[in-house]
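Small disclaimer: the values here were computed from a predicted structure and weren't measured. Lettering follows sequence order; numbering is per chain, from 1.
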Amino acid sequence: MKKIATIVFFIILLGLGFAYYQWNKPKKSAASEEVFAHRSATDLYLEFTSDPTGAFQIYNQKNVEVRGVMDSFAKDSLGTKLTLRTESNDGGVVTITLVEEMNRILPVIGDSVHIRGLCAGYIADDTGLLGGEVQLNQGIIVN
Amino acid sequence: MKKYFFVIGIFAFGSLQMLGQNFFTRNGHLGFFSKTNMEDIKANNESVTYIMDLTSGEINISALQTNFQFEKALMQEHYNENYMESSKYPKAIFKGKIDDMSKVNFKMEGVYNAKVSGNLEIHGVGKPYTVDAVFKVGGGHVVAETNFKVKCADHNIKIESSLKNNIAETIDVNAKADLTELKK
């Protein structure tokens, strides 16, 4: 009887430990995930514009290292968002929201950069005015 | 007298410039808040695309579900996998229009209240909405903001009975965007 009680106690303890870990586990970020693919900003953007559904299935939440030229940046409550220009005709861009505490030195506009981020997907421009946007988040600057 | 004509001329020119222009941002905000006795859940997305035609009052908003950031990684996982099915329905989309354009004067600095009506698609299910919005015009910017409520059931978002006490049936949504001129 004592043996059963001990086993039950340890199972409960394990369960509580697992639940505690699940509740407090850290968010995935480009720093913690293995790199899935290396792409230029233009190539990544064109993959999404030519087949949005297929590309989303390939890259969704995957860590992608993107190289490109920085076009602009914006700061908000969730971090710093960098915009990389592409050579597509519609003015489309690739954007990366950085994990703020990991990135102290930011590149300047016009710099060539290598950045990693988890792919969140693609926003098409249905109006034809703006160009689409491939979004990456939880990103880091490689160099 | 000439001076007055000059000032009026500048305003008129400014007005004409603004009319017929599209304003946009790729850094718009969309946030939601679920409050129950058991738990408060909130999430924010600061990478929302807003495009507004100042002549017609048409507004297009697109947000990626996987870009909503939660306090806990587990909440974010559940949101994307169990409720939004983000791999199947990656976007939230609103397409609408200012109901009565005479209530908003984009030619003149000021704060304007107006109703916006349109279709909001979440979880692959569209539903018509009419919301109260505020437009602040000034300094070459239009800041648009609205708060409204979304019923999970209206968009076929199913909450397990075991979590009914943790997730509100009706969610408070806040949308805000600082729009600037789209130059092509």
Side-chain angles (χ1 to χ4, degrees), chain A residues 18-29 32 48 52-53 55-62 71-83 90-97 99-100 117-139, chain B residues 21-31 39 42-53 56 58-78 80-81 84-95 121 176-184:
Chain A
F18 180 72
Y20 180 82
Y21 167 75
Q22 283 290 317
W23 185 245
N24 291 297
K25 69 180 175 183
K27 282 185 185 178
K28 284 182 185 175
S29 85
S32 62
F48 272 94
T53 312
F56 183 66
Q57 296 306 328
I58 294 169
Y59 293 106
N60 183 23
Q61 292 305 297
K62 296 279 178 20
D71 196 49
S72 65
F73 72 93
K75 256 184 179 298
D76 58 47
S77 62
L78 296 178
T80 302
K81 182 177 168 184
L82 307 185
T83 300
D90 65 353
V93 293
V94 174
T95 60
I96 302 105
T97 304
V99 181
E100 196 160 32
L118 306 182
C119 187
Y122 166 66
I123 292 182
D125 173 23
D126 298 332
T127 63
L129 296 165
L130 189 59
E133 177 184 2
V134 176
Q135 294 186 355
L136 311 178
N137 59 34
Q138 300 296 109
Chain B
Q21 286 173 352
N22 290 290
F23 272 50
F24 87 109
T25 182
R26 292 189 196 269
N27 304 314
H29 165 85
L30 198 55
E39 194 176 12
K42 66 174 180 179
N44 291 306
N45 184 339
E46 307 287 353
S47 295
V48 182
T49 299
Y50 289 72
I51 303 177
M52 186 160 92
D53 183 326
S56 64
E58 279 175 25
I59 300 169
N60 283 275
I61 304 171
S62 300
L64 290 174
Q65 295 289 6
T66 49
N67 250 343
F68 280 96
Q69 300 297 317
F70 291 70
E71 186 194 344
K72 298 280 181 191
L74 190 66
M75 287 177 176
Q76 202 161 319
E77 260 178 45
H78 285 172
N80 285 305
E81 288 166 16
M84 286 300 156
E85 300 178 88
S86 302
S87 56
K88 215 163 150 190
Y89 311 109
K91 280 182 270 186
I93 299 165
F94 177 80
K95 286 182 182 183
E121 190 184 309
K176 189 174 182 180
D178 183 351
L179 309 165
T180 52
E181 188 189 348
L182 173 60
K183 289 171 185 158
K184 269 274 173 182

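Two residues are said to be in side-chain contact when any heavy atoms from C-beta on lie closer than 4.5 Å; B:Ser47 and A:Thr95 fail this criterion. Two residues are said to be in side-chain contact when any heavy atoms from C-beta on lie closer than 4.5 Å; B:Gln69 and A:Asn137 meet this criterion.
Residues B:Ala73 and A:Pro26 share a closest heavy-atom pair of CB-O, 3.8 Å. Closest approach of A:Ala74 to B:Asn27, counting heavy atoms only: CB-ND2, 3.4 Å. Across all their heavy atoms, B:Lys72 and A:Trp23 have their closest contact at CD-O, 3.1 Å.
In this structure, the separation between CD1 on B:Ile51 and CG on A:Leu130 is 4.5 Å, given to the nearest 0.5 Å. B:Thr49 contributes atom OG1, which lies 4.0 Å from atom CD1 of A:Ile123 (distance to the nearest 0.5 angstrom). One distance of note links OG of B:Ser86 with CZ of A:Phe56; it measures 7.0 Å at 0.5 Å rounding. Here the CG atom belonging to B:Leu74 is positioned 10.5 Å from the OH atom belonging to A:Tyr21, to the nearest 0.5 angstrom. Going from atom CG of B:Asn67 over to atom CD of A:Gln138 covers 9.0 Å, rounded to the nearest 0.5 Å.
Only the side chain of B:Gln76 comes within contact range of chain A, with heavy atoms under 4.5 Å apart.
By the 6.0 Å contact criterion, CZ on A:Phe73 is open, its count of non-hydrogen atoms from other residues, nucleotides or ligands being 12 or less. More than 12 heavy atoms of other residues, nucleotides or ligands shown are found within 6.0 angstrom of NZ on A:Lys27. The number of heavy-atom neighbours closer than 6.0 Å to NZ of A:Lys62, taken from other residues, nucleotides and ligands shown, is above 12.
With sequence neighbours excluded, the residues that form a salt bridge (charged side-chain N to carboxylate O under 4.0 Å, His left out) with B:Glu77 are A:Lys25.
Screening residues 118-139 of chain A for salt bridge (Lys or Arg N to Asp or Glu O under 4.0 Å), with sequence neighbours left out, gives A:Lys81-A:Glu133, A:Asp126-B:Lys95, A:Glu133-B:Arg26.
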